[in-house]
Amino acid sequence: MTTHARASTASSSRHRDPAEPRDRWRWLRHEWTLAILGGLLLAVVLTWPTLRHPASTIPNDVADPTLQAWQLAWGGHAFLTDPLNLWHSNTFFPERYTYAYSDTLLGYAPLGMLGSGFEAALVRYNVTYVLLHAAAFVGAYALVRQLGAGRWGGAVAGVAWAFAPWRLAHAGHLNILSSGGIALCLAMLARGHGWSLRHGYRPQQRRPGWALAGWLVAAWQVSLGFAIGLPLVYFLLAAVLVGAGGYGWSWWRRRERPPFGRRLLLADLVGGGVFGAVTLLLGVVYLRVIDLNPQAERTLDWTKLFSPPLIGFVTAPADSWLWGERHAAAREQLSWPPEMALFPGLALIGLAAVGVFVSVYPLRHRVALALGVLATVLLGLGATLGGDGDPGYLTLSRHLPGWDALRTPGRMMHWTSLLLAVLAAGTVTAWVRRTRRWSTRDWRRSLAPAVALVPLTLVVLEGVNRTPHPEVPPPPVALRTAAEPMLVLPAGGTIDLVYLLWSTEGFPRVANGLAGFEPVTQAQTRAATATFPDAASVAYLRGLGVRSVVALPGWVAGTPWEDIEARPIDGLGITREDIDGVFVFHL
């Protein structure tokens, strides 16, 4: 290097722009960085105390959450050890396809690869519980921003959708709460196609990569389960048909082809193909379960049983800090409050109602959103609409493949509250814009944030929870030493779900399990072992392939096995071992 060049370099380093170091960290102030960090912070605070004791407690109750903690663990374990037998889990021995006895949460399998054992399963579940709330916030924020709302509107919509009071009734249903992918995929698809509510179709804003990403996120959402994934499938199918029809109409009317682009078409074909393939493959697995277990097919009587009355849409669950006690009398009118307390929040309803008249969206789009809210509420009524739900939710159950398995119409509240959130975001954005135009002087500039903080504070307060976080009993040492396949007694009911979580210690095959239906062998096993240990039950279990029985004397009160500690084993050809007060029968 010449002397002149070295001098020039030194001079350049001495006169470097002082703003350059700040630019390196500019991403910290970026809107999406703040949105993600804000979503994470809100999720930690509004789900508290989930992360206070994540290795020993679980949200809501020791039932469905323990099942889903096992599901998260099994998905990761199967992919790491034996992917070809993913669907044949270690539960319900000797049945097959047992991982698909309920929504599998398969999309969370990568998280299941982190850590192993009982405590890791609990921590993983609790972290996922918090993260899914953050994902719902970010998804709703991204959607309303793409549709034309401002940042404050996005924040209000994100909180109102991710932490709506009705979600607290599902604190024990991870598959129902995991809806962030719905809003996020819609945001990505809208961005990819250059479309928003506020500005309409703008061809110059097309981004094929975002469209592809939207389809992939939609596929991931479906992989978490059909309970809320199937309505997304039909919504996207309808959107494709409407979009194609609108494109064709515009082409015919103008006598020239509107701009679309080959790259965008390719992104839609590839992404839509992946989305369709995932949906069909999962559907085939569930159809296989029904083939093997015809009793798993649900009739419309289930839908009628879980159809909420109209009052359910203004009734909050008991775990709502703000509304729980105030709505106690209303909940007494609901036959099944966990699925019928559907209150989306008073602030959200009020903002959305104003949004029909005051908004940054065009009038026709506001009317369309309002009609969408009305339509989803009518569908959510299920069989209570008109007395039989036809036309309505039951009509879809009779004619759309798979819809009859969606026994709880109230879960349409996902779509109702999302549409309400979009309307509310338009209202807040309009208010902030008008306030900023008026507040031109220095002392008035703080008015716009102050105006926006009011609705944001209200929706945050409505999202505060009183969800219990019971301690989960740890697995006994005996369970780790018993030979598998095994049966754990007492058996039957939600206690079996605790056993599933215990089985994350090595994943031994167990005959226990609980699902929305009962496989034939499980009913037979429970009946045959009611007198265990005796000659008939021992012979039955040996024929089934069970090698050991683990009995928990402290849990058998009120069950057929309450005197199992005193039952003789002489002449049965088995041995009994006492390990810290737990009996292991070696067959």
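By convention here, the first residue in the shown sequence is residue 1.
- Relative orientation of the Trp220 and Tyr108 rings is perpendicular, given thresholds of 30° and 60° on the angle between their planes.
- When only modelled atom types and interatomic distance are considered, Asp268 and His193 share a side-chain donor-acceptor pair under 3.5 Å.
- In this structure, Tyr99 has its ring center at least 6.0 angstrom away from the ring center of His88.
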Inset, instruction - Output, in order, the C-alpha distance, side-chain angles, deciding distance and verdict of side chain to side chain contact (heavy atoms under 4.5 Å, CB included) for Leu305 and Trp336. - result: CA-CA 9 Å; Leu305 177 65; Trp336 187 245; over 6 Å; no
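- Side-chain N/O atoms of Tyr129 and Gln68 include no donor and acceptor closer than 3.5 Å.
- With 3.5 Å as the limit, one finds a donor-acceptor pair spanning the side chains of Arg167 and Ser179.
- Judged by the 6.0 Å and 45° rule, Arg433 forms no cation-pi pair with Trp152.
- Of the options Asp61, Asn126, Thr50, a side chain to side chain donor-acceptor pair (under 3.5 Å) to His469 is made by Thr50 and by none of the others.
- Checked against a 6.0 Å centroid threshold, the rings of Trp70 and His77 do not count as neighbours.
- Paired with Leu406 under the rule side-chain contact (heavy atoms from CB on, under 4.5 Å), one option of Thr303, Leu230, Leu396, Ile228 passes, and it is Leu230.
- Within the 6.0 Å centre-distance limit, the rings of Trp403 and Tyr393 are counted as a close aromatic pair.
- Side-chain contact between Val144 and Thr429 is absent, with no heavy-atom pair separated by less than 4.5 Å.
- For the residue pair Met412 and Thr376, the shortest heavy atom distance occurs at CB-O, 3.9 Å.
- No side-chain donor from either of Asn60 and Thr467 sits under 3.5 Å from a side-chain acceptor of the other.
- The aromatic rings of Phe507 and Trp74 lie perpendicular to each other, with more than 60° between the two planes, well past the 30° mark.
- Residues Leu105 and Thr128 have side chains not in contact (no heavy-atom distance under 4.5 Å, counting atoms from C-beta outward).
- Of the N and O atoms on the side chains of Tyr101 and Thr91, not one donor lies less than 3.5 Å from an acceptor on the other residue.
- Summarising the geometry, atom CD belonging to Glu339 is positioned 7.0 Å from atom CZ belonging to Arg407; distances are rounded to the nearest 0.5 Å.
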